[in-house]
Number of protein chains: 2
Amino acid sequence: MKLEQAIQSTKFKNEVHKATLNVLYTAWWLKTLMSKELKEFGLTHEQYNVLRILKGKHPEQMCVKDIGCRMIEKNSNVPRIIDRLELKKLVKRNDSEFDKRETVITLTQSGIAVLEATTGKVTALLESEVLMDDKDAKSLNGLLEKLRAGE
Amino acid sequence: MKLEQAIQSTKFKNEVHKATLNVLYTAWWLKTLMSKELKEFGLTHEQYNVLRILKGKHPEQMCVKDIGCRMIEKNSNVPRIIDRLELKKLVKRNDSEFDKRETVITLTQSGIAVLEATTGKVTALLESEVLMDDKDAKSLNGLLEKLRAGE
DNA sequence: TATTTTTATATGTATATACATGTATTTAAT
DNA sequence: ATTAAATACATGTATATACATATAAAAATA
């Protein structure tokens with residue numbers, strides 16, 4: 001679907017303005033798509049993101065700050081996302097021995113199982129819905145990084 | 001900044017997977033950038049979006065549904081965003097004469113003034129931070145629509 | 001060593017998102 | 001004409017986002 005249809009507007013100041021709206025809309029579209037699959041597992045998008053980050057270091061523990069700086073949405077409130085994952089017994093909090101300010105987190109066996117099942121489903125969904133070859137994806141990655149060049 | 005630095009990860013399944021994360025991250029980056037400017041005017045990103053949509057039809061009134069389907073994030077709770085804009089006297093609610101189920105909304109004079117001031121600032125900010133020429137923006141728009149082709 | 005500053009996390013508040021439900025009104029079906 | 005279905009909006013709840021503040025511990029400084 002063209003952006004014009006999606007937001008029922010044709011008035012863009014220029015192509016750059018249209019591109020900013022297009023990025024925002026595409027992100028919403030992707031999130032909505034993934035959330036439908038995640039919901040089956042009782043997970044939200046950001047809970048899933050935290051589980052995947054923990055998986056990357058497993059079986060090592062990670063402190064809250066290190067999880068936070070790997071999040072896609074940097075202002076996510078990681079302690080509260082962990083609260084909910086802990087309630088579902090998918091992660092476990094421990095006090096750090098090296099630095100008593102830190103809380104360190106690990107995946108539980110249950111967390112690993114849920115993450116693996118979820119990842120399979122999400123990957124399959126994206127493969128079937130995101131119809132883009134590697135060459136185009138590479139161009140897209142380059143352009144997005146160009147857009148953020150001033151970061 | 002490269003995505004790899006931004007989310008401190010280099011493990012992407014493939015370029016398409018990286019592109020999905022890159023879109024999500026870029027959207028967050030854009031929203032954060034704009035929010036900084038909007039905050040000066042006491043507006044949130046979605047409140048600003050509603051004001052801009054109303055501007056497109058002004059001085060005509062728009063019903064809640066028509067605003068909703070022009071929103072970038074479709075699941076936004078438009079009545080509640082309007083509640084806050086109404087409290088700030090930036091918009092006005094009226095009962096529709098044609099269909100008593102509808103509430104129709106218009107910008108107030110104050111709303112128009114705030115919107116114009118805000119738009120000027122936001123536009124200037126994007127021009128200075130989004131360093132991309134029209135040609136690249138056009139390619140980017142094409143690729144994003146390719147990504148969502150199955151929509 | 002004592003004090004200050006910084007860091008890591010948690011908590012509080014307002015708004016937003018996602019979704020379910022309730023209510024009034026309109027449209028369609030019987 | 002009456003009933004049923006659909007529509008428009010509002011409201012309620014759980015979670016997330018954005019940001020301010022609080023608390024404890026570590027690091028830096030006097």
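As the structure is a prediction and not an experimental result, all values here were calculated from the model. In what follows, every chain begins at residue 1, and chains take the letters A, B, ... in the order their sequences are listed.
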Participant: Return the value, rounded to whole Å, for the distance between atom CD of A:E73 and atom P of D:dC19.
Facilitator: 13 Å
Participant: 5'-most contact on DNA chain C: A:R93 or A:S35, nearest heavy atom basis?
Facilitator: A:R93
Participant: Looking only at side-chain N and O atoms, does B:T44 come under 4.0 Å of OP1 or OP2 in C:dA16?
Facilitator: yes
Participant: As a test of understanding, state which of B:V122, B:T44, B:L125 forms a side chain to side chain contact (heavy atoms under 4.5 Å, CB included) with B:L38.
Facilitator: B:V122
Participant: Quick one: does B:K88's side chain have a donor or acceptor within less than 3.5 Å of a partner on B:G111's backbone?
Facilitator: no
Participant: Let me know the distance between CG of A:L38 and C1' of C:dA18, rounded to the nearest Å.
Facilitator: 13 Å
Participant: Starting the side chain at C-beta, find the nucleotide from D:dT15, C:dT9, D:dC9 nearest to B:V64.
Facilitator: D:dC9
Participant: Around atom CG of B:D133, are there more than 12 heavy atoms of other residues, nucleotides or ligands at under 6.0 Å?
Facilitator: yes
Participant: Take B:E102 and A:K88, find for each the nucleotide of DNA chain D with the closest heavy atom, and name the residue whose nucleotide sits nearer the 5' end.
Facilitator: B:E102
Participant: Between the side chain of A:S96 and the main-chain N/O of A:T103, is any donor-acceptor distance below 3.5 Å?
Facilitator: no
Participant: Please report, rounded to the nearest Å, how far the P atom of C:dA14 is from the CZ atom of B:R84.
Facilitator: 11 Å
Participant: Any Lys/Arg nitrogen of B:K13 or A:E127 sitting under 4.0 Å from an Asp/Glu carboxylate oxygen of the other?
Facilitator: no
Participant: Say you draw a straight line from NZ of A:K74 to CD1 of A:I72; how long is it, rounded to the nearest 0.5 Å?
Facilitator: 8.5 Å
Participant: Using whole Å, what does the distance between atom P of nucleotide C:dA18 and atom CG of A:L33 come to?
Facilitator: 13 Å
Participant: Return the value, rounded to whole Å, for the distance between atom CZ of A:R80 and atom C1' of D:dT17.
Facilitator: 10 Å
Participant: C:dA16, D:dT17, D:dA10: which one has an atom nearest the side-chain heavy atoms of A:S76?
Facilitator: D:dT17
Participant: Give the intermediate values and the outcome of side chain to side chain donor-acceptor pair (under 3.5 Å) for residues A:R148 and B:T26.
Facilitator: CA-CA 7 Å; A:R148 297 197 312 268; B:T26 306; 2.7 Å; yes
Participant: Do the side-chain N or O atoms of A:N75 get closer than 4.0 angstrom to the phosphate oxygens (OP1, OP2) of D:dC19?
Facilitator: yes
Participant: Just the rounded figure in Å: distance from P of C:dA16 to CG of A:L24.
Facilitator: 16 Å
Participant: For a quick test of reading the model: is some side-chain N or O of A:W28 closer than 4.0 Å to OP1 or OP2 of C:dA16?
Facilitator: no
Participant: For nucleotides 20-25 of chain D, just jot down a letter per nucleotide in 5' to 3' order: B, S or -, based on protein non-hydrogen atoms under 4.0 Å.
Facilitator: S----B
Participant: Round to the nearest Å and state the distance from A:L43 atom CG to D:dA16 atom C1'.
Facilitator: 14 Å
Participant: I need the NZ-C1' distance between A:K31 and C:dA16, as an integer number of Å.
Facilitator: 11 Å
